[in-house]
Every structure is written in structure tokens, then in C-alpha cells.
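Shown next, in C-alpha cells, is the structure this report addresses.
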Amino acid sequence: MLKPPWLESLLSTSFFTICPRHNDSPRNESNMYCLDCMSGAFCFYCRSSRHKDHPVIQIRRSSYHDVVRVAEIQKVLDISEVQTYVINSARVLFLNERPQPKGPVGKGVSHLCEICGRSLLDPFRFCSLGCKLEGIKKNGEASFVLSNKNEEEIPQEREGMQRRLPTMEKEELREGRQQDMMYRSTPPPTHSNSRRRKGIPQRAPFVT
């Protein structure tokens with residue numbers, strides 16, 4: 001077995017919809033997934049009441065795409081050969097392939113995803129978990145199954161794989177709504193006084 005039974009279900013799940021069981025609650029976005037139940041996305045309250053003792057993965061968003069924190073996913077998957085990024089001090093990877101601009105590959109790009117052709121920052125094979133899954137189906141040369149060797153290499157990967165997203169793709173790593181941001185957002189710009197004081201009115205010279 002090269003992949004766990006819940007992986008394809010996780011990658012095909014739609015997250016950040018309103019939980020039907022807690023429609024009127026403040027934290028009702030479905031951004032969690034249970035690896036045991038494999039029953040779709042659910043919210044914070046469902047986790048407490050229905051999945052309390054189950055292994056649960058929390059999904060977050062960056063640039064409107066679903067990501068998962070490496071610290072969570074590496075406990076249950078071998079994520080080697082997948083490009084990771086650092087967004088607001090949290091190392092993450094993307095769940096699925098992302099749309100990319102059409103046109104020729106830019107100059108200086110030397111690393112590409114083997115499945116979708118997206119440019120990568122480092123010499124990895126895949127840009128996302130979804131592309132690695134397709135690579136496994138295609139040639140079977142990779143695996144998601146954890147081994148003892150993988151667990152020993154995790155601390156070393158943390159030191160050598162710290163990369164940041166290009167400037168155009170930077171965005172706050174979010175759990176969902178604005179009030180649920182994981183990290184401090186950029187402070188709003190200070191507004192300068194846009195009104196200028198009018199000059200002292202000038203009287204016409206008195207003519208005698």
C-alpha cells in the first residue's frame with residue numbers, strides 16, 4: 001500500500017463551507033477532516049462533539065488555496081519530494097495542484113513539478129500532495145507510507161527546507177474567516193490628514 005485509505009477523500013473534499021449542524025455559530029466553517037471517519041469536512045464544534053478522540057487534520061488557506069501545516073501532516077504521511085513553503089512562520093504544503101499563468105516558463109526556472117509543470121523553488125518532484133498522488137499512480141516510484149527512516153529525517157528537513165513563497169503569492173495563512181487568522185495580520189496603514197488647510201484669504205487692495 002503506497003497511500004492511506006483516507007488520502008483521496010481528503011484531497012477531493014470541499015472545505016470552508018458553512019457547517020449545516022452549526023449554521024448559527026460563530027466558528028462554523030468546515031475546515032477539519034477526520035482520518036478515521038473519512039466523512040467529509042466539519043467545523044470546530046463537530047470536532048468537540050463527534051470526533052473528540054479521533055485523529056483530525058485542520059485545513060487552512062493561503063491565496064485562496066487549501067494548505068495543511070507540515071507539523072500536522074508529517075505525522076501521518078511521508079511528504080518527502082513535495083515542495084513546502086513558509087508562510088507567516090508556519091511551514092505548509094498545498095493539498096492540490098494550483099492554476100498557473102499560461103505561457104512559457106520564466107528564465108532561471110530549473111525545477112518543475114513532474115505532474116503539472118509548476119515551477120518549484122527547490123529540487124523537489126511535486127508541488128502538492130495531489131500531484132504526488134498522481135505520480136504514485138503513474139509510476140509507483142514514490143510513497144506516502146511513513147517509515148522509521150522518514151521519522152528520523154524530519155528534524156533535518158525542517159532546517160533545510162525553509163522557503164518562502166514568491167512575493168505575488170504571499171498572504172496571511174488563515175483558518176477561514178478573518179477573525180480566525182492564526183497569526184498577526186498586517187496592521188492597517190495610518191491615514192494622514194487628507195484635508196489641507198485653506199490659505200488665508202487675500203483681500204483686494206483698497207483703491208482710493
Side-chain angles (χ1 to χ4, degrees), residues 1 3-79 82-100 116 118 126-134 136-137 144-146 151 154 158 164-165 168-189:
M1 183 181 67
K3 60 181 178 62
W6 48 262
L7 181 59
E8 290 188 79
S9 175
L10 169 69
L11 298 180
S12 62
T13 297
S14 296
F15 294 97
F16 299 98
T17 57
I18 302 301
C19 177
R21 296 186 181 92
H22 303 95
N23 191 45
D24 298 326
S25 302
R27 300 181 63 182
N28 60 1
E29 288 188 323
S30 301
N31 62 347
M32 298 186 183
Y33 185 88
C34 179
L35 307 185
D36 282 352
C37 300
M38 297 184 289
S39 56
F42 54 89
C43 73
F44 167 81
Y45 303 102
C46 289
R47 178 176 186 175
S48 301
S49 60
R50 304 169 68 90
H51 307 273
K52 184 178 180 180
D53 299 321
H54 297 180
V56 170
I57 294 293
Q58 183 172 355
I59 306 303
R60 294 164 169 89
R61 276 195 166 176
S62 174
S63 301
Y64 304 101
H65 297 288
D66 295 337
V67 302
V68 61
R69 293 183 67 177
V70 170
E72 291 186 52
I73 198 67
Q74 69 182 359
K75 297 176 182 178
V76 293
L77 283 182
D78 177 2
I79 60 171
V82 180
Q83 176 74 65
T84 63
Y85 302 91
V86 175
I87 306 177
N88 295 338
S89 302
R91 189 154 65 96
V92 303
L93 52 76
F94 289 90
L95 293 190
N96 291 295
E97 171 187 348
R98 292 167 289 157
Q100 51 188 328
C116 69
R118 171 174 281 275
F126 310 106
C127 69
S128 62
L129 293 179
C131 282
K132 180 173 180 177
L133 178 61
E134 290 302 314
I136 291 175
K137 291 180 178 180
F144 280 112
V145 180
L146 285 172
E151 295 175 357
I154 286 175
R158 288 179 179 173
R164 293 190 178 275
L165 283 171
M168 293 183 64
E169 296 188 16
K170 284 184 179 179
E171 184 171 313
E172 296 288 344
L173 180 62
R174 303 172 58 181
E175 296 182 9
R177 293 184 178 180
Q178 190 75 17
Q179 62 266 33
D180 292 334
M181 279 191 178
M182 290 175 50
Y183 304 102
R184 181 181 57 190
S185 59
T186 304

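The closest side-chain heavy-atom distance from C34 to S39 is not below 4.5 Å. In this structure, V67 and L93 have side chains that are not in contact, with every pair of non-hydrogen atoms separated by 4.5 Å or more. Using a 4.5 Å heavy-atom threshold, the side chains of R50 and R21 count as touching. Within the 4.5 Å cutoff, the side chain of P4 has heavy atoms near those of the F144 side chain. At least one side-chain heavy atom of Y45 sits less than 4.5 Å from a side-chain heavy atom of P26. Side-chain contact check for L11 versus L133: some heavy-atom pair is nearer than 4.5 Å. Under the 4.5 Å side-chain criterion, counting only non-hydrogen atoms from C-beta, F16 is in contact with I59. Between V145 and D78 there is no side-chain heavy-atom pair separated by less than 4.5 Å.
How far OG1 of T13 is from CG of D66: 9.5 Å, rounded to the nearest 0.5 Å. Here the straight-line distance linking atom CG of L95 with atom OG of S128 works out to 8.0 Å at 0.5 Å rounding. Here the straight-line distance linking atom CD1 of I57 with atom NZ of K75 works out to 8.5 Å at 0.5 Å rounding. Between the CG atom of N96 and the SG atom of C116 there is a distance of 10.5 Å, given to the nearest 0.5 Å.
Without hydrogens or angle criteria, E72 side chain to Q58 main chain gives a donor-acceptor distance under 3.5 Å. Under the 3.5 Å distance criterion, the side-chain polar atoms of R118 are matched with a main-chain donor or acceptor of P99. Proximity of a side-chain donor or acceptor of S25 to a complementary backbone N or O of N28 within less than 3.5 Å is not detected.
Look at E97 and K132 and you find no salt bridge, because none of the NZ, NE, NH1 or NH2 atoms lies under 4.0 Å from a carboxylate O.
Among H54, H22, H51, the single residue meeting the ring pair (Phe, Tyr, Trp, His ring centres under 6.0 Å) criterion with F42 is H51.
Cation-pi geometry between R98 and F94 is satisfied (NZ or CZ under 6.0 Å from the ring centre, within 45° of the ring normal).
The two residues M32 and F15 come nearest to each other via the heavy atoms O-CE2, 3.9 Å. Shown here for A41 and S14, the closest heavy-atom pair between the two residues is CB-O, 3.8 Å. The two residues M38 and L35 make their nearest non-hydrogen contact at CG-O, 3.7 Å.
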- Message: Please evaluate residues V92 and V68 with respect to the criterion side chain to side chain contact (heavy atoms under 4.5 Å, CB included), reporting the C-alpha separation (whole Å), side-chain torsions for both, the decisive distance (0.1 Å), and the verdict.
- Response: CA-CA 6 Å; V92 303; V68 61; over 6 Å; no
- Query: What do the steps show when you test R60 against R69 for side chain to side chain contact (heavy atoms under 4.5 Å, CB included), and what is the final call?
  - Reply: CA-CA 8 Å; R60 294 164 169 89; R69 293 183 67 177; 3.5 Å; yes
- Task: Could you give me the CA-CA distance, side-chain angles and deciding distance for R61 and E29, then say whether salt bridge (charged side-chain N to carboxylate O under 4.0 Å, His left out) is met?
- Result: CA-CA 12 Å; R61 276 195 166 176; E29 288 188 323; over 6 Å; no
- Task: Give the intermediate values and the outcome of side chain to side chain contact (heavy atoms under 4.5 Å, CB included) for residues W6 and L77.
- Result: CA-CA 11 Å; W6 48 262; L77 283 182; 3.6 Å; yes
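S9 and Y33 form a side-chain donor-acceptor contact under 3.5 Å, judged by distance and modelled atom types alone.
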